[in-house]
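What follows is a set of notes on a single structure, which appears directly below.
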Protein chains: 2
Amino acid sequence: MEPGHIEGTEAAPKHAHSGQDCRLVGTVLARIGDKWSVLVVMMLADGPRRFNELKRMIGGISQRMLTFTLRGLERDGLVTRTIFPTIPPRVDYELTELGRSLREPIQALGAWAFAHLPEIQEARARFDRREGEKP
Amino acid sequence: MEPGHIEGTEAAPKHAHSGQDCRLVGTVLARIGDKWSVLVVMMLADGPRRFNELKRMIGGISQRMLTFTLRGLERDGLVTRTIFPTIPPRVDYELTELGRSLREPIQALGAWAFAHLPEIQEARARFDRREGEKP
DNA sequence: CAGAATCCCGGAAGATACTG
DNA sequence: CAGTATCTTCCGGGATTCTG
């Protein structure tokens, strides 16, 4: 399977809130949790962007991964892909309504991460120090 | 590097909100985004749990991954590890205050995923159908 | 019971080159 | 510019075995 493609279409749950839902929700969280997907969604928060524009903004993503990530987001209905048949070709990516509804919880998470960054860094440093003085 | 261990301690950012912050926040989001970490945090939401208890609750995680996941969470200061020197040995894992503060944004995300599950499944099915009828 | 250590494989992802 | 195709590398993570 290619990166960015997440399973979860087969075996729909029959009962509301069955144990199986967990796995399905898991496939959704897998996409949300994906490092690149999150970054792309954040980059698209302010409006449509072009392929290479996104690539530059993110910096550190390969064209391959960006392609797969965008495909995945498109597949999940979070992003639309608009092709302008010009020369040179131009493709715009934009959040759908669903994608926009995701901004809020994602930014809450981002805010949390940003707010507690110092704490976490400190905890990591402390842990690694204790770790290092053992042997 | 072992699974569960996430870099991000080296090269602290000098200016608030510099471009480098993105990468650091990324390391935090990487932990949050981690499938197993999220599940473990959710399992610990209601109070402390033992190792095998967590293993059973999650079901499908290997002892190896559970170990690494818990180590990572401990390293980030999200979870405490308490050893009872009894026979047989017993170890409790519990969310720290920081870990508990994470429950809210995480559950918001979970709620979003659950709420939009049908939409997403539909989008996936539609996408895969169009995909399949091309060749 | 709660891990640590070792082995091993498949898939995720980078680099590069080609195309419409 | 916006991809696709291919090759290769690497490491996430499962299965198993061994301790305290």
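Atom set for the values below is all heavy atoms of this structure, side chains included, hydrogens, waters and symmetry mates excluded. Throughout, protein chains are lettered first and strands after them, A, B, ... in sequence-line order, and every chain is numbered starting at 1.
Among D:dC1, D:dG14, C:dG3, the nucleotide with an atom closest to any side-chain atom of B:S62 is D:dG14.
A:T69 OG1 to A:I61 CD1: the interatomic distance, rounded to the nearest 0.5 Å, is 4.5 Å.
Note that the two end axes of the helix from C:dC1-D:dG20 to C:dG20-D:dC1 enclose an angle of 40°, each drawn from 5 base pairs, rounded to 10 degrees.
Considering only side-chain N and O atoms, A:Y93 lies under 4.0 angstrom from the phosphate OP1 or OP2 of D:dG3.
Straight-line distance from the CH2 atom of A:W36 to the P atom of C:dG14: 6 Å, rounded to whole Å. With rounding to whole Å, A:K35 atom NZ is found 12 Å from C:dG14 atom C1'. Atom CD1 of B:I61 is separated from atom P of D:dA15 by 12 Å (rounded to the nearest Å). The CD1 atom of A:I58 sits 15 Å away from the C1' atom of C:dA13 (whole-angstrom rounding).
A heavy atom closer than 4.0 Å to some atom of DNA chain D occurs in B:Q63, B:R64, B:M65, these being the qualifying members of residues 63-71 of chain B. Within residues 76-86 of chain A, the residues having any heavy atom under 4.0 Å from DNA chain D are, by residue number, A:R81. Less than 4.0 Å separates DNA chain C from at least one heavy atom of each of the following residues of residues 38-57 of chain B: B:R50, B:F51, B:N52.
Qualifying salt bridge (Lys or Arg N to Asp or Glu O under 4.0 Å) partners for B:E122, counting only residues two or more places apart in sequence or in other chains: B:R126. Listed by chain and number, the residues in a ring pair (Phe, Tyr, Trp, His ring centres under 6.0 Å) with B:W36 amount to none (sequence neighbours excluded). Residues forming a side-chain hydrogen bond (donor to acceptor under 3.5 Å, both in side chains) with A:N52 (at least two apart in sequence, or on another chain): none. Shown here are the side-chain contact (heavy atoms from CB on, under 4.5 Å) partners of B:I83, two or more places apart in sequence or in another chain: B:R81, B:V91. With sequence neighbours left out, B:P48 forms a side-chain contact (heavy atoms from CB on, under 4.5 Å) with B:D92, B:E94.
Among residue pairs with one or both ends in residues 95-116 of chain B, those qualifying as salt bridge (charged side-chain N to carboxylate O under 4.0 Å, His left out) are B:E97-B:R100; sequence neighbours excluded. The list of salt bridge (charged side-chain N to carboxylate O under 4.0 Å, His left out) pairs with a residue in residues 49-63 of chain A, not counting sequence neighbours, reads A:R49-A:E53. Residue pairs meeting the ring pair (Phe, Tyr, Trp, His ring centres under 6.0 Å) criterion with at least one member in residues 60-112 of chain B, sequence neighbours excluded, are B:W112-B:H116.
Of the N and O atoms on the side chains of B:R90 and B:T82, not one donor lies less than 3.5 Å from an acceptor on the other residue.
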Would you sort out whether A:V40 and A:L66 count as a side chain to side chain contact (heavy atoms under 4.5 Å, CB included), showing the intermediate values? CA-CA 8 Å; A:V40 167; A:L66 182 53; 4.0 Å; yes
For side chain to side chain contact (heavy atoms under 4.5 Å, CB included), just list the numbers for B:L73 and B:S37, CA-CA rounded to whole Å, side-chain angles, deciding distance to a tenth of an Å, and then say yes or no. CA-CA 7 Å; B:L73 292 171; B:S37 296; 4.1 Å; yes
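Shown here for A:T96 and A:G77, the closest heavy-atom pair between the two residues is OG1-O, 2.7 Å.
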